[in-house]
Structure formats: C-alpha cells, structure tokens
Amino acid sequence: MARALTNGSKNETTVADLTDQIETLRKDLSALTGTMADLGKSKGADLTDAAAQQAEAVREKGAEVVEVASKRAKAVQHQANDFVQTQPATALGIAAGVGFLVGIMSTRR
C-alpha cells in the first residue's frame, strides 16, 4: 500500500519517493480493478444461472397448465358428443337458437 507523506524536516520527500508511491498506487488500483471485475463476472454468472432456473420453472408450469387445459377441453368435447347422441332434438334446438342470436347480434353494430 502507499505510504503517507509527512511534513517533517528530516523526512524530505523526493521525486523518486513520489514516483514509487504513484507506482504503488497504480498497482493497488490495478489489483482492485481486477478484483472488482472478477466479482462482477461471478455475480453475472450467478444471475444468469438464477434466470435460467426461473425460465425452466416457468416453462414447466406452462406445460402443466397446457396439459390440464387440454384434458378439460377433451372432457367437455366428450360431454358435448354424449349430449348430442342422447338428446339430438334438444341439441339441434340449442344450435338453432345460438345461431339465431349470433345472426341478430352480427347485424346490429
């Protein structure tokens, strides 16, 4: 580390001493800069890993949601098919009513 300058009569500071102190300061700053760069790289790698883990967790959760939605859609489709097969007249009446309502709503803007 750099030495402190004193204003004593016996300790006159020479150009060589100042040059040595400046060189010591440069080396200290260089070492500090290197340490900070290494710390930044380490933290950056940690953050990258954390973000990758979060992204993977979100992907897995999304896949689960898609699977559940797909199962529900298939169940509703199966239920609708059963309803049409067991009560075709009612299904036809409902379809005609829905078609009539959609037709009325689409002509009124």
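Just so you know, residue 1 is the first one in the sequence shown, and it goes up from there.
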Would you check if [X] and [Y] make a side-chain contact, meaning some heavy-atom pair closer than 4.5 Å?
X	Y	value
H78	K74	no
T14	D17	yes
Q77	N81	yes

So, taking the atom named [atom1] in [X] and the one named [atom2] in [Y], what distance separates them when rounded to the nearest 0.5 Å?
X	Y	atom1	atom2	answer
Q87	I94	CD	CD1	8.0 Å
S106	L101	OG	CG	10.5 Å
L29	K27	CG	NZ	13.0 Å
E64	E60	CD	CD	7.0 Å
T33	D28	OG1	CG	10.5 Å
D49	D46	CG	CG	6.5 Å

Is there a donor-acceptor contact under 3.5 Å from the side chain of S30 to the main chain of R26?
no
Can you check whether V66's main-chain N or O pairs, donor with acceptor, with S70's side chain at less than 3.5 Å?
no
Cluster link V98 to F83, ILVMFWY, side chain under 4.5 Å
yes
Atom CD of E56: over 12 foreign heavy atoms under 6.0 Å
yes
